[in-house]
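These notes are about the structure you will find just below.
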Amino acid sequence: MDAACVNSFFYFHAMTASPEIKITKAVRSRLAETDFNNLQFGTIFSDHMFMVDYADGEWKDLQIVPYGDITLSPACTTLHYGQAFFEGLKAYKHADGSVSIFRMNKNAERFNHSADRLCMPQLPEELFMKSIAALVDVDRDWVPAKANHSLYIRPFMFATEAYLGVTPSKTYKYMVLTCPVGPYFSKPLRVKIETNYTRAAEGGYGYAKAAGNYGGAMLPARKAVEEGFDQLIWTDAKEHKYIEEMGAANAMFVMDGKLVTPSIDKNTILKGVTRDTILTLARDMGYEVEERPIAITELVEGTKNGKLTDAFGAGTAFTIAPIASFSYNGEEYFLKDPAAREFSARALKALNDIRYGVVPDKHGWNYMV
Ligand SMILES: *Cc1c(COP(=O)(O)O)cnc(C)c1O
């Protein structure tokens, strides 16, 4: 751990009378030397991190410590068999200086769905929320105050047992890191519709934010980038005829004036919190919403007959990332100029207004720290 620890710590009592978090503060903050005008996603970490260990059926020793390296057995199940998964959410600074975390309970729920699928222990929802609220509170000065900026929060769990047998580990670690971030993309995306490689199949674990899903996606994604694309859109494993989702965002379209997105009932698609949020906001705005299979040919047709008027990726890291064009079977199809799209502009404004506390939070999505 960081040599720059203070030995005197204090105890933090969060929310309810559950186990306390021991807080060891960094001797010196890195805040002053951080360039908030140049935040590359996931490269700058705030001063502290949260961690807790699981053994004998219990989460023990809740700690917030200075951000730094940890030690691991080289035989741990994580490194060999990928018993690891993560979450991603964000904290926002409001004009009055207060800080909110967006829909944290949804991430807590999904965290445990991922844990379940990977034979890893459940993390009590209360512990998930408390760990994040306490960490964001300790590092609240790291939440950027600039427009379209936020503090990205990365909770994750991984196996720690030193055992090479292919069975679930007996011990685990749950940690939380945070990173100040700005907009993920600076321009609308050229995407490739992937029809060779598969991200997730029915019966697999595409719905879990499991580390293995992302390692396996890197080669196809790199190929797409080498071909000049920014991102790819996955298609179904069986026929490669239907749209699934993007690398770390759900795919959404406006066709015939309706908001349309692939259904999630086959468990191959990540159940995005942003997806759910946009669907809710769309209904609030009076749009008709459809969750159903979307054939690639439907999108191709839509660009030709003008019925496809909006297309974007929706995710916590990406926010709403407009799709400029998509490529299918070597042909590129261009959509309406992103600057002239009505739905995504309205949805983004509605979303930002809630997250930055500009309008009343009528759905109760903001957790105030
Ligand atoms: C995280 C993620 C999303 C978006 O989920 P949010 O909860 O909106 O951040 C979508 N697809 C994949 C594959 C993801 O990993």
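Any value given below was found using the heavy atoms of this structure, including those in side chains, with hydrogens, waters and symmetry copies removed. This one's a predicted model, so the numbers in the text were calculated from it and none came from an experiment. When a residue number appears, it is its place in the shown sequence, counting from 1. For ligands, and for the atoms within them, numbers begin at 1 and follow the listed sequence.
Between Tyr287 and Phe343, the ring planes lie perpendicular to each other; the angle is over 60°, past the 30° to 60° tilted range. Taking the six-membered ring where tryptophan is involved, the planes of Phe36 and Trp142 are tilted, since the angle between them lies from 30° to 60°. Under the 30°/60° scheme for interplanar angles, the aromatic rings of Tyr184 and Phe318 are found to be tilted.
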Go through the steps to decide whether Lys192 and Glu227 satisfy the test salt bridge (Lys or Arg N to Asp or Glu O under 4.0 Å), and finish with yes or no.
-> CA-CA 9 Å; Lys192 173 188 175 183; Glu227 292 163 21; 3.1 Å; yes
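Annotation: atom 9 (O) of ligand 1 to nearest protein heavy atom, Thr316 OG1, 2.6 Å. Distance from atom 14 (C) of ligand 1 to its nearest protein heavy atom, with residue and atom name: Lys209 NZ, 3.0 Å. Of the protein's non-hydrogen atoms, Glu245 OE1, 2.4 Å is the one closest to atom 11 (N) of ligand 1. Of the protein's non-hydrogen atoms, Ala248 O, 3.4 Å is the one closest to atom 3 (C) of ligand 1. Regarding atom 8 (O) of ligand 1, its nearest protein heavy-atom neighbour is Thr274 OG1, 2.6 Å.
Distances below 4.0 Å separate heavy atoms of Gly272 from the following atoms of ligand 1: 5 (O), 6 (P), 7 (O), 8 (O). Near Asn250, the atoms of ligand 1 lying under 4.0 angstrom from a non-hydrogen atom of the residue are 10 (C).
Between the side chains of Glu332 and Ser325, at least one donor N or O lies within less than 3.5 Å of an accepting N or O. For the 3.5 Å distance criterion, the side chains of Thr235 and Thr195 fail to qualify, holding no donor opposite an acceptor.
For the side-chain contact (heavy atoms from CB on, under 4.5 Å) test with Ile323, the passing option among Asp230, Ile233, Leu308 is Ile233; the others fail.
Cluster annotation: Met246 is not connected to Tyr197 through the hydrophobic network of ILVMFWY side chains, with a link wherever side-chain heavy atoms come within less than 4.5 Å.
Under a 4.0 angstrom heavy-atom cut-off, Arg110 registers as being in contact with ligand 1. Residue contact annotation: Arg199 has a non-hydrogen atom under 4.0 Å from ligand 1. In this structure, Gly206 has no heavy atom closer than 4.0 Å to ligand 1. Look at Tyr214 and you'll find a heavy atom under 4.0 Å from some atom of ligand 1.
Separation of atoms OG1 (Thr319) and CG (Asn148) is listed at 7.5 Å; rounding is to 0.5 Å.
Of the N or O atoms in Val273, one or more lie within a sub-3.5 Å distance of an N or O in ligand 1.
Using a 4.0 Å cut-off between heavy atoms, Ala249 contacts ligand 1 through its backbone alone, with no side-chain atom that close.
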